[in-house]
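Below is one structure, written out as C-alpha cells; the observations come after it.
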2 protein chains.
Amino acid sequence: MSAPKLLLVEDDSSLAELLEYRFEKEGYEVRITADGEEAMVMAAEDVPDLVILDWMIEGISGIEVCRRLRREKATAHVPIIMLTAREAEDDRVRGLETGADDYLTKPFSPRELLARVSAVLRRVRPALAGESIEAGDLRLDPVAHRLERCGQEVQVGPTEYRLVKFLMEHPRRVFSRSQLLDAVWGTDSEIEERTVDVHIRRLRKSIALENVRDPIRTVRSAGYALEPV
Amino acid sequence: MSAPKLLLVEDDSSLAELLEYRFEKEGYEVRITADGEEAMVMAAEDVPDLVILDWMIEGISGIEVCRRLRREKATAHVPIIMLTAREAEDDRVRGLETGADDYLTKPFSPRELLARVSAVLRRVRPALAGESIEAGDLRLDPVAHRLERCGQEVQVGPTEYRLVKFLMEHPRRVFSRSQLLDAVWGTDSEIEERTVDVHIRRLRKSIALENVRDPIRTVRSAGYALEPV
DNA sequence: ACAATACTGTCATGAGAATGTCATAAGGCT
DNA sequence: AGCCTTATGACATTCTCATGACAGTATTGT
C-alpha cells in the first residue's frame, strides 16, 4: 500500500525537519516548502493526501493557501491541518470556516500531530491506514489487495484495482476522465482520455453479477462515479 | 434538505441546553442524553450524522461509548467529536486513537464547536454542509452531479444541468437569452437566441411534478428567472 | 532464458442521447 | 383585432459512450 503523501508548508526549518523525520519514520512520504506560492504549485503537480499548513508563512498567508487549495478542483477535497502560534479562538474558527479540517496550536507535540494526521486520514482515506473500505456491496482490502462483490472475491487487473480503489475512496463523486488519469495513472501520464472508458468497461465486466445493478454511473459529458447501493 | 442529525452525549445539563439552543438555531436536529448506555440505544434507533460526546459522563465512560459506536456496524462511520475537561495531551491522543474524529477541550466556545461540527460534516456529507445549492424545492449537488426536486432525483441533459445550475446560483434574477447564452454556452457561442427557449422547455419538462408549480418564470420580452417557492 | 499468460493502450464501429433549428400553435399586450 | 413573444413538437445532425478486436508490452512460472 502506497505511503500517504503529505505536503508540509512550514517556514520554521528546524520544526519542518523534525516533523519530516518523524513522519517519514511512520511511513509517510513528505514534501516540504516554506513558501505559499510554491505550495500551490507542488499541490497541483502531485496532489497530496493531506496538507499541513502553517498559518504564518512567507509569501501568501496560510489562510490564503487554504482558500486557494479549496478553490482548485483537484485539491478541493484534500484535508488540511492548520498550525498556528495564535491562541485566539477567532483564528481557530476562521481557519475551520475557511475549510481547514483540523487545527493545532503551537507548541504542540509531534505525537499529537501524528495522531491527528492519522485520524483525519483514517476518516478520509481508510485505505491509506490499511483499513478496508466498503462502498455498497463492494469491499476492498488494501492489505490483501483484494476486491469483493457481495462477499465474493472478484478478479481485476492492476489498473482496474487502482481505479476502483480510487472511486471507492470517493463514492458518489463524479470524476472527469482527466481527473481519473491524474489520480489513477499519475499526473504526467500521456494517455488518451478515451482509454479511461475502456478500463471502466473492464472494471464493470469484472464486477458484474447476475441481477445486481452496475454500481458505476456514467455521467454524460462529465465522467464517471461510483454509486454505492 | 434534511437537517443534519446530532446526538449530544453530555451530562452537564446547562451546557447541553445551551448547545441544543445554538445548534437548533443553525438548523440542526439535536437529541440529548446524559447517559452512555442510553446514547448507544439512541444511536442504534436512529443513526445520527454526528455524535458529540463528553469524555466524562455517567454510566460507561465517553471513550467506551466511542469504542462501542465504532464496533457497531451501523454507527462505525459516524463521526465523533469528543469533549473533555482535561488538557492532558495523552488524553487527546488517546481520544483520537480510539476513533474520535475531533477533540475539544473545555472550556470551549459554542462557536468553535459549531465550526468544527460543520468542518467534519462538510467532509463526510458534503450535501449537508452547504456544498449543494438549494433553491426552493430544487437541490443540486455539483460534486455528485445530481439534481433533485422535492427530494426526488431528476434526470436532465448536460446543457439543462448547466442551465439550472446557473439559474439556481442566481435565484429570482431575470436573465436575457443572450446572458444565458454567455453564461451557459460560453461567451463565443454562435447560437440562436431562440434555442434558449427550447432548453428552458426541456428543463421545465424534466423537473415537472404533479401539482407542483413551475419554478421557472418567463418574463415577457426580458428573459427567464428561477423563482424558489 | 523462454514460453505462456495477463495486461495495456488504441482504434474502428455502432447505438443511443443530446443538441440546435425550424415551423407552427398558443398566449399576451395595446 | 393585430402584432409580438413564447411554447411545443418534430427532425436532422452532432456528440458521446459502449464494445470488441488487436498489437504491443509486462509479468509469471518453469
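Letters A, B, ... are given to chains in the order of the sequence lines, protein chains preceding strands, and every chain is numbered from 1.
Scored by the side-chain contact (heavy atoms from CB on, under 4.5 Å) test, B:D188 finds no partners at all (sequence neighbours excluded). Considering only residues two or more places apart in sequence or on other chains, A:R22 meets the side chain to side chain donor-acceptor pair (under 3.5 Å) condition with none of them. With sequence neighbours excluded, the residues that form a ring-ring contact (aromatic ring centres under 6.0 Å, His included) with B:H170 are B:F166, B:F175. Contacts of A:R68 classified as side-chain contact (heavy atoms from CB on, under 4.5 Å), with partners at least two apart in sequence or in another chain: A:E37, A:M40, A:I60, A:E64, A:R71. Under the side chain to side chain donor-acceptor pair (under 3.5 Å) criterion, B:K165 pairs with no residue, sequence neighbours left out.
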Start with the C-alpha gap between B:R31 and B:D46, add the side-chain angles, then the distance that decides, and say whether side-chain contact (heavy atoms from CB on, under 4.5 Å) holds.
-> CA-CA 10 Å; B:R31 281 176 302 158; B:D46 186 6; 3.6 Å; yes
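Side-chain contact between A:Y21 and A:K25 is present, with at least one heavy-atom pair separated by less than 4.5 Å. The shortest side-chain heavy-atom distance between A:V9 and A:D54 does not fall under the 4.5 Å cut-off. In this structure, the side chains of B:Y28 and B:L114 come closer than 4.5 Å at one or more pairs of heavy atoms.
Checked options B:H199, B:R202, B:Q155; the residue passing with B:E160 is B:H199 (criterion: side chain to side chain donor-acceptor pair (under 3.5 Å)).
Extent of DNA chain C lying under 4.0 Å from chain A heavy atoms, first and last nucleotide in 5' to 3' order, is C:dC7 to C:dA18. Along DNA chain D, read 5' to 3', the first and last nucleotides having any atom under 4.0 Å from a heavy atom of chain B are D:dC4 to D:dA10.
For the pair A:D214 and A:R201, the salt-bridge criterion is not met [side-chain N within less than 4.0 Å of a carboxylate O]. A:E29 and A:K5 are not joined by a salt bridge, as no carboxylate oxygen comes within less than 4.0 angstrom of a charged side-chain nitrogen.
With hydrogens and angles ignored, the 3.5 Å screen pairs a side-chain donor or acceptor of A:S109 with a backbone N or O of A:E112. A donor-acceptor pair under 3.5 Å is absent between the side-chain atoms of A:T75 and the main chain of A:V78, judged by distance alone. Panel note: side chain B:D137, backbone B:R149; no donor-acceptor pair is recorded below 3.5 Å.
Of the residues in residues 200-210 of chain B, those with a non-hydrogen atom less than 4.0 angstrom from any atom of DNA chain D are B:R201, B:R202, B:R204. Looking at residues 169-193 of chain A, you'll see A:R177 sit with a heavy atom under 4.0 Å from some atom of DNA chain D. For the segment residues 213-229 of chain A, residues with any heavy atom less than 4.0 angstrom from an atom of DNA chain C are, sorted by number, A:R220.
A distance of 8.0 Å separates CG of B:D101 from SG of B:C66, quoted to the nearest 0.5 Å.
End-to-end axis angle of the helix from C:dA1-D:dT30 to C:dT30-D:dA1, from C1' rotation axes over five pairs per end: 40° (rounded to 10 degrees).
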Residues 218-229 of chain A side chain polar contacts: donor-acceptor under 3.5 Å, at least two apart:
{"residue": "A:T218", "atom": "OG1", "partner": "A:R204", "partner atom": "NH2", "Å": "2.6"}
{"residue": "A:Y224", "atom": "OH", "partner": "A:R177", "partner atom": "NH2", "Å": "3.3"}
{"residue": "A:E227", "atom": "OE1", "partner": "B:R146", "partner atom": "NH2", "Å": "2.9"}
{"residue": "A:E227", "atom": "OE2", "partner": "A:R217", "partner atom": "NE", "Å": "3.2"}
{"residue": "A:E227", "atom": "OE2", "partner": "B:R146", "partner atom": "NH2", "Å": "3.2"}

